[in-house]
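A quick write-up on the structure given underneath.
Both ligands and their constituent atoms are indexed starting at 1 by order of listing. All residue numbers in this chain count up from 1 along the given sequence.
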Amino acid sequence: MKTMLNVALPKGRLGENVLRIFEEAGYNCPAIHEPGRKLIFENEETGVRYFWVKPSDVSIYVERGAADIGVAGKDILLEYEPDVYELFDLDIGKCRMAVAACKGFRDNTERTLRVATKFPNIACNYYSKKGRDIDIIKLNGSIEIAPVLKMSDVIVDIVETGTTLLENNLEPIETIIPISARLISNKVSYKFKHKEITALERKIEQLCGETKAERKDS
Ligand code: PRP
């Protein structure tokens with residue numbers, strides 16, 4: 001019997017792109033394209049079982065071994081620091097983690113800086129390296145509103161096109177780190193399904209390399 005690879009895919013636009021890459025690499029799964037609300041799909045022929053999960057949960061499924069591999073944003077890996085192997089940078093889902101504030105904001109270093117964010121761990125690490133005192137305000141979305149309503153001085157958040165900042169009269173102040181999607185693996189699976197995982201990794205790497213070269217040429 002064929003060894004099946006359990007793959008956690010992030011629901012949404014990034015996941016659709018990831019699925020396209022996996023299918024092009026030879027891990028197609030016709031059932032996943034059928035309309036409906038199912039979340040688990042498999043194709044015994046190609047040896048894959050896909051799960052759609054919330055993007056921020058991918059690393060939990062992989063860390064606990066419910067999925068052998070998955071694709072997660074570097075933001076999630078930095079925030080939750082899951083005990084997984086980071087195998088490969090897919091070079092898609094690119095954006096950056098940045099500090100932003102209302103236009104014209106000046107930091108008064110004598111006062112504690114109020115930071116609104118969905119990423120408290122990333123924000124704490126960043127400011128502790130700078131030796132800056134902060135007060136974290138943990139939010140779950142629409143972070144850009146916090147400084148506008150004077151609840152925070154700055155935000156630490158994902159910036160992709162910059163449109164959300166612009167339309168809310170905010171501006172980026174500092175880039176913390178560039179972000180992209182990463183192929184991750186459960187540590188035990190990497191040992192026991194080594195042949196299957198490395199074969200997949202090689203195919204995906206080759207495909208992404210070709211796409212990168214095409215992008216450079218055009
Ligand atoms: C993310 C992020 C910003 C926005 C940035 O939010 O938190 O709000 O995208 O994108 P832009 O630079 O292209 O405007 P998301 O869409 O995940 O929604 P959320 O605020 O509810 O988390």
Measuring from L113:CG to D153:CG, what's the distance to the nearest 0.5 Å?
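It comes to 5.0 Å.
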Measuring from I69:CD1 to N186:CG, what's the distance to the nearest 0.5 Å?
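These two atoms lie 11.0 Å from each other.
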Can you list, by chain and residue number, every protein residue with a non-hydrogen atom closer than 4.0 Å to ligand 1?
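Close residues (ligand 1, cut-off 4.0 Å): K118, G141, S142, E144, D157, I158, V159, E160, T161, G162, T163, T164.
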Are K103 and E171 within salt-bridge range, i.e. N to O under 4.0 Å?
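No, no charged N to carboxylate O under 4.0 Å.
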Could you check whether K11 pairs with E16 (Lys NZ or Arg NE/NH1/NH2 to Asp/Glu carboxylate O, under 4.0 Å)?
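Judged by the 4.0 Å cut-off on N to carboxylate O distance, K11 and E16 do not form a salt bridge.
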Can you see which heavy atom on I21 is nearest to which on L207, and at what distance?
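For I21 versus L207, the nearest heavy atoms are O-CD2, 3.3 Å.
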So which atom in N6 and which in A66 form the shortest heavy-atom distance, rounded to 0.1 Å?
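Nearest heavy atoms, N6 then A66: CB-O, 3.8 Å.
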